[in-house]
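Here's the structure, in structure tokens; my notes come after.
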Amino acid sequence: MKLSQFKFRLPDDQVALYPPLHRDECRLMVLHKKSQTIEMFKKDEDGNDLKDENGNPVYLDFRSVLDYFDEDDTFVFNDTKVFPARLYGTKEKTDAKIEVFLLRELNQDMRLWDVLVEPARKIRIGNKLFFNDNGTMVAEVIDNTTSRGRTLRFLYDCPHDEFKKALYSLGEAPLPRYVIDHKDEDGKYDRPATPQDMDDYQCIFAKNEGAVTAPFTGLHFSREMMKRMEIKGINFAYITMHCGLSYFNAIEVEDLTKHKMDSEQVKVDADACGIVNKTKASGHRVCSVGTSVLRTTETAVGTDGMLKEYEGWTSKFIFPPYDFGLSDTLIANFYHPESIFMMSTAAFGGYDLVTEAYQKALKNGYKFGCYGDAMLILND
């Protein structure tokens, strides 16, 4: 497929800048692959669209997901945990403000981190960056890795746990640039990250630290909803993919077969395999919660259609057409044009059906992005 096939105009006011008041209150659209039909509205007892007091149809909300699943079905979640990866420092001598985006720790003992810097043209090997007023958190640039990438050595002499705590206290939630770069009508930035975002931009089941972007779809699940799922007899399986910035790297080739994904660290343990494979063997549904779960399970699935233990890295890029080996159901958000999230969703649901769903979402005011609305894709 071609990159241009995933291009559309997304109005600025349909990008969700904030989460809903409650996690599970976003809209839900349901796609049925075999019948090629789309549901958007709640139904009454006679199967007709339910109307509100003004006679308008009532949209499905995310809590309606449970109506489509039965006892012994399994949801697969990504339990990666986001850390406060975006920091702001000042360059020595010039006091220029520099954004430092932490990617991963390279060496605990030496306090080495792989980072991105902005503006990169001002940051060279040997420069020092200061991150607090008293000058206790200082980093030295020791290597250039990419045009924006640098290796920093933090000059902070204390036990590692204390260092990490101090470093993270200076950071903020790593919200996507389309959120924090949002401008009001006067052209001023009007959506800074807040301390509340570290809670909002974190799945309630997050456990294994290492992500610099949240698995968006998992953000919709509230404790109340997961309790209802548990009561209904739905199983939970957890895999880990530490979501990196490769999801947001612009695709610069028209032919998608020539795009190369960065690698992300993943882990699929025996517990997850046992739960998922038992579900598959019994003929029940396996639902991937988000495209990061799709990438992970498609990396770890065997030729027999069963999930295998795996720990390592994956650079799998999923776009149409693609034959899936494991999941038969997917929950995903509505994503930005030309994003790999959208491509993976279209691979699962079928390009034509997902494109139609996006057109309906645009027409009916659905919200897009990390805090946006969701779709459920069923294989029926």
Side-chain angles (χ1 to χ4, degrees), residues 14-31 39-42 58-69 73-85 172-176 178-180 182 191-209 211-232 234-241 243 247 287-294 329-336 341 345 361 364-377:
Q14 284 188 248
V15 177
L17 300 181
Y18 295 91
L21 181 61
H22 299 105
R23 288 176 180 265
D24 53 17
E25 287 184 341
C26 75
R27 287 190 195 177
L28 177 73
M29 188 182 294
V30 181
L31 283 61
E39 291 182 69
M40 296 171 58
F41 305 111
K42 293 184 178 180
V58 179
Y59 287 97
L60 290 167
D61 62 47
F62 192 75
R63 286 166 288 199
S64 301
V65 160
L66 294 188
D67 297 337
Y68 297 89
F69 292 90
D73 289 340
T74 291
F75 279 52
V76 186
F77 298 98
N78 183 359
D79 66 4
T80 189
K81 187 175 183 179
V82 177
F83 62 92
E172 65 181 29
L175 298 176
Y178 61 75
V179 173
I180 65 168
H182 184 269
R191 177 49 171 106
T194 68
Q196 181 61 39
D197 281 309
M198 273 312 301
D199 290 326
D200 293 338
Y201 199 59
Q202 193 83 268
C203 298
I204 62 169
F205 44 77
K207 179 181 178 182
N208 296 309
E209 182 183 282
V212 297
T213 184
F216 298 162
T217 309
L219 298 176
H220 296 302
F221 287 84
S222 65
R223 287 178 174 81
E224 293 78 12
M225 183 169 177
M226 294 190 76
K227 186 62 177 179
R228 290 174 56 209
M229 295 167 67
E230 183 181 341
I231 292 171
K232 192 167 184 176
I234 294 173
N235 304 307
F236 305 151
Y238 296 95
I239 57 86
T240 303
M241 170 184 273
C243 305
Y247 284 100
C287 178
S288 286
V289 178
T291 58
S292 66
V293 173
L294 271 189
T329 310
L330 171 69
I331 305 176
N333 277 30
F334 286 93
Y335 304 112
H336 278 61
F341 305 106
T345 306
N364 289 273
Y366 283 66
K367 295 291 187 178
F368 287 65
C370 61
Y371 287 142
D373 294 317
M375 68 166 65
L376 167 64
I377 304 177

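- Taking the side chain to side chain contact (heavy atoms under 4.5 Å, CB included) definition, one finds that Glu172 meets it with Arg86, Tyr88, Ala193, sequence neighbours left out.
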Walk me through whether Thr80 and Lys207 qualify under side chain to side chain contact (heavy atoms under 4.5 Å, CB included). CA-CA 6 Å; Thr80 189; Lys207 179 181 178 182; over 6 Å; no

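- By the 4.5 Å heavy-atom criterion applied to side chains, Val82 and Val212 are not counted as neighbours.
- Using a 4.5 Å heavy-atom threshold, the side chains of His220 and Asp24 count as separate.
- The side-chain hydrogen bond (donor to acceptor under 3.5 Å, both in side chains) search around His22 returns Glu25, not counting sequence neighbours.
- With hydrogens and angles ignored, the 3.5 Å screen pairs a side-chain donor or acceptor of Lys232 with a backbone N or O of Leu66.
- Taking the six-membered ring for Trp and the full ring otherwise, the centers of Phe75 and Phe69 sit less than 6.0 Å from each other.
- Distance check, rounded to the nearest 0.5 Å: OG1 of Thr291 to CE of Met241 gives 8.5 Å.
- Aromatic rings from His336 and Tyr178 are positioned such that their centres are separated by under 6.0 Å.
- With contacts defined as side-chain heavy-atom distances shorter than 4.5 Å, the pair Pro84/Met198 qualifies.
- Remark: side-chain polar atoms of Asn364 are not paired, donor with acceptor, to backbone N or O of Tyr366 under 3.5 angstrom.
- Closest approach of Ala361 and Phe368 over heavy atoms only: CB-CZ, 4.0 Å.
- Between Thr345 and Met375 there is a side-chain heavy-atom pair separated by less than 4.5 Å.
- With contacts defined as side-chain heavy-atom distances shorter than 4.5 Å, the pair Phe216/Tyr201 qualifies.
- Every residue two or more places apart in sequence or in another chain was checked for a side-chain hydrogen bond (donor to acceptor under 3.5 Å, both in side chains) with Glu230, and none qualifies.
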Under the side chain to side chain contact (heavy atoms under 4.5 Å, CB included) criterion, do Leu376 and Leu31 qualify, and how do the steps go? CA-CA 6 Å; Leu376 167 64; Leu31 283 61; over 6 Å; no

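- Partners of Tyr335 under the side-chain hydrogen bond (donor to acceptor under 3.5 Å, both in side chains) rule, at least two apart in sequence or in another chain, are Thr217.
- Residues Thr240 and Asn208 have side chains that bring a donor and an acceptor to within less than 3.5 angstrom of each other.
- For Asp197, the salt bridge (Lys or Arg N to Asp or Glu O under 4.0 Å) test picks out Arg191, with sequence neighbours left out.
- Applying the ring pair (Phe, Tyr, Trp, His ring centres under 6.0 Å) test to Phe41 and every residue at least two apart in sequence or in another chain returns Tyr59.
- With sequence neighbours excluded, the residues forming a side chain to side chain contact (heavy atoms under 4.5 Å, CB included) with Asp67 are Ser64, listed by chain and number.
- Residues passing the salt bridge (Lys or Arg N to Asp or Glu O under 4.0 Å) test with Lys367, sequence neighbours excluded: none.
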Side chain to side chain donor-acceptor pair (under 3.5 Å) assessment of Tyr68 paired with Thr329: CA-CA 10 Å; Tyr68 297 89; Thr329 310; over 6 Å; no

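- By the salt bridge (Lys or Arg N to Asp or Glu O under 4.0 Å) test, Glu209 pairs with Lys164, sequence neighbours left out.
- In this structure, Phe205 and Phe77 have tilted ring planes: the angle between them lies in the 30° to 60° band.
- Side-chain contact between Gln202 and Lys81: present, with at least one pair of heavy atoms (C-beta onward) separated by less than 4.5 Å.
- With a 4.5 Å cut-off on side-chain heavy atoms, Asp73 and Cys287 do not count as touching.
- When the side-chain hydrogen bond (donor to acceptor under 3.5 Å, both in side chains) test is applied to Gln14, no partner is found at least two apart in sequence or on another chain.
- Judged as a side chain to side chain contact (heavy atoms under 4.5 Å, CB included), and not counting sequence neighbours, the contacts of Arg23 are Ile204, Leu219, Ser222.
- Residues Gln196 and Tyr18 bring no donor and acceptor atom of their side chains to less than 3.5 Å of each other.
- Looking only at distances, a side-chain donor or acceptor of Asp373 sits under 3.5 Å from a matching main-chain atom of Arg27.
- Using a 4.5 Å cut-off on side-chain heavy atoms (C-beta onward), Leu28 and Arg63 make no contact.
- Remark: Asp79 pairs with no residue by the salt bridge (Lys or Arg N to Asp or Glu O under 4.0 Å) rule, at least two apart or across chains.
- Listed for the Asn78 side chain is no donor-acceptor partner under 3.5 Å among the backbone atoms of Ser292.
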